[in-house]
Amino acid sequence: MAKILDFFDPADVRGGLWRLIVLGLVSMTILRTIMNPSPVIFTIGEAGTGDYVSMIAMSALLIAIDAMLLVLLSWGNLRDWRDALGVAAMVGATHVVFPLLTFSLTAGAALFTSALNLPTVIAGGVQTAIFFIAFVFVAMHLREVHSAVRERDPEFFEPDAPVATWAGVKQIWPAVFAVSVDALMVGPAKVAFMARYSTLQFGFSFLFIGTIVFVLVFGSGIIVLVLKKFVKNHSSISERVHSLDWIGSLGLVAVFIHFSIFAFVYVLFTLAKVEWKMEWLLQTQTIWGSTTVIFSLYLIFGRIREIKEASRQRAGMAESITV
């Protein structure tokens, strides 16, 4: 099973991504032909303000939390607030540009298909395939996140120049890119949000999310600096970092479960006939309720003790490096 998933891994741009696109287009077109050949029209702006704010907050947390954990685990390398500001600014910028880039490519493909005036069945297959590919993007990254939070060897950024300088930017960039890759993967999944919000709301969501990501990462840096200033004992800092890393790791899994469900219900909705009246699938309570159930099952069967132990060892390694 793992080999099959790797064969369609969207992170493999040269192979897996194209295989996934072909699989999605062919399989979803067949399913739309059999199950629902009619056009599917979504109501624009049907979601309320609370739902929109929830989407912004969850999206920001989804793509920022790994950067926040990186900052926490690298607490020994932050010198002052300017280092924290530099890291946060770079991460915030990539988390605006990266999702916008991959979303534009995905949406462009949909517009191109529409411009060709393809038959309804084929156009419908492409519509469902876009949501299906978005689901696979996030679900595959959920699998990677589950493995990553159980790893005991953390990655650290160790610039020997201030992050706010050009030399510091070049040294920190590999770490920033590593924690921004998920933003590339989330871009296609944002297609599912277009049906729930107005064009203006959706457009500004990229800027809002990038701003919140900046605030969250900068806040993580400030937490680190406060700990270093007021907690002199390294082992005490390590214990606090472990607690934050442990909570953050579970939070990271939870938000990826949430967006996997979000994309999946759109796949199901496009496959459902109008007379089935499946609008309840897109309701906020359905998505959040499903997230709660799946995450609860994960807490029971997801080997979270391994995650907790890995978190403790990651924090301990950070302590040993800075002693």
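Being a predicted model, the structure only gives us computed values, none of them experimental.
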(request) Describe, in one word, how the ring planes of Y52 and F208 are oriented to each other, choosing from parallel (under 30°), tilted (30 to 60°) and perpendicular (over 60°). (result) perpendicular
(request) Assess the pair F103 and F202: is the distance between their ring centroids shorter than 6.0 Å? (result) yes
(message) Treating T128 as the side-chain partner and G125 as the backbone partner, does any N or O pair qualify as donor plus acceptor under 3.5 Å?
(response) no
(message) Is there a side-chain contact between R303 and E306 in this structure, where contact means two heavy atoms from C-beta onward sitting under 4.5 Å apart?
(response) yes
(message) Is there a side-chain contact between E279 and F269 in this structure, where contact means two heavy atoms from C-beta onward sitting under 4.5 Å apart?
(response) yes
(message) Just to verify, which of L282, I130, L271 counts as forming a side chain to side chain contact (heavy atoms under 4.5 Å, CB included) with Y266?
(response) L282
(request) Indicate the atoms forming the closest heavy-atom contact of I307 with S249, along with that distance. (result) CG2-CB, 4.0 Å
(request) Please name the pair of heavy atoms, one in A134 and one in A263, separated by the smallest distance, quoted to 0.1 Å. (result) C-CB, 4.2 Å
(request) Looking only at non-hydrogen atoms, find the nearest pair between S260 and L142 and report the distance. (result) OG-CD2, 4.1 Å
(request) Report yes if the side chains of R32 and V40 come closer than 4.5 Å at any heavy-atom pair, otherwise no. (result) yes
(message) Is the ring pair W288/H258 parallel, tilted or perpendicular, if the boundaries are 30 and 60 degrees?
(response) tilted
(message) Could you check whether any side-chain heavy atom of V96 comes within less than 4.5 Å of a side-chain heavy atom of I209, counting everything from C-beta outward?
(response) no
(request) Look up atom CD1 in I133 and atom CG in L25, then write down how far apart they are to the nearest 0.5 Å. (result) 5.5 Å
(message) Less than 4.5 Å apart, side chain to side chain, heavy atoms only: is that true for L268 and M278?
(response) no
(request) Is it possible for you to say whether V53 and F214 belong to one hydrophobic cluster, with membership spreading through side-chain heavy-atom contacts below 4.5 Å? (result) no
(message) For the backbone of W280 and the side chain of T286, can you confirm whether one donor and one acceptor N or O come within less than 3.5 Å of each other?
(response) yes
(request) State, yes or no, whether a side-chain contact exists between L216 and S220 at a heavy-atom distance under 4.5 Å. (result) no
(request) Drop me the distance from S198's OG to F204's CZ, to the nearest 0.5 angstrom. (result) 10.0 Å
(request) Indicate yes or no: at least one non-hydrogen side-chain atom of Y298 is less than 4.5 angstrom from one of H146. (result) yes
(request) Give the minimum heavy-atom separation between A64 and V217, together with the two atoms involved. (result) O-CG2, 4.4 Å
(message) How close do G221 and A84 get, counting heavy atoms only, and between which atoms?
(response) CA-CB, 3.9 Å
(message) Working note: L299 + F295, criterion side chain to side chain contact (heavy atoms under 4.5 Å, CB included); need CA distance, chi angles, decisive distance, verdict.
(response) CA-CA 6 Å; L299 292 178; F295 183 63; 3.7 Å; yes
(message) Measuring from atom CG of L100 to atom CG of L207, what distance do you get when rounded to the nearest 0.5 angstrom?
(response) 10.5 Å
(request) Please examine the side chains of Y197 and S205, heavy atoms only from C-beta on, and report whether any two atoms are closer than 4.5 Å. (result) no
(message) Nearest 0.5 angstrom please: I122 CD1 to Q127 CD, how far?
(response) 14.0 Å
(message) Could you report the tightest heavy-atom contact between A254 and T291, atom names first, then the distance?
(response) O-CG2, 4.2 Å
(request) Step through the shown structure and confirm whether more than 12 heavy atoms of other residues, nucleotides or ligands are within 6.0 Å of CZ on F98. (result) yes
(request) Using the six-membered ring wherever Trp is involved, compare the ring planes of F135 and F132 and label them parallel, tilted or perpendicular (cut-offs 30° and 60°). (result) tilted
(request) Look up atom CD1 in I261 and atom CG in L281, then write down how far apart they are to the nearest 0.5 Å. (result) 11.5 Å
(message) If I take atom CG from residue L85 and atom CG from residue D80, how far apart are they, to the nearest 0.5 angstrom?
(response) 10.0 Å
(request) I would like to know whether I56 and I212 meet side chain to side chain contact (heavy atoms under 4.5 Å, CB included); could you show each step before the answer? (result) CA-CA 9 Å; I56 295 292; I212 295 175; 3.4 Å; yes
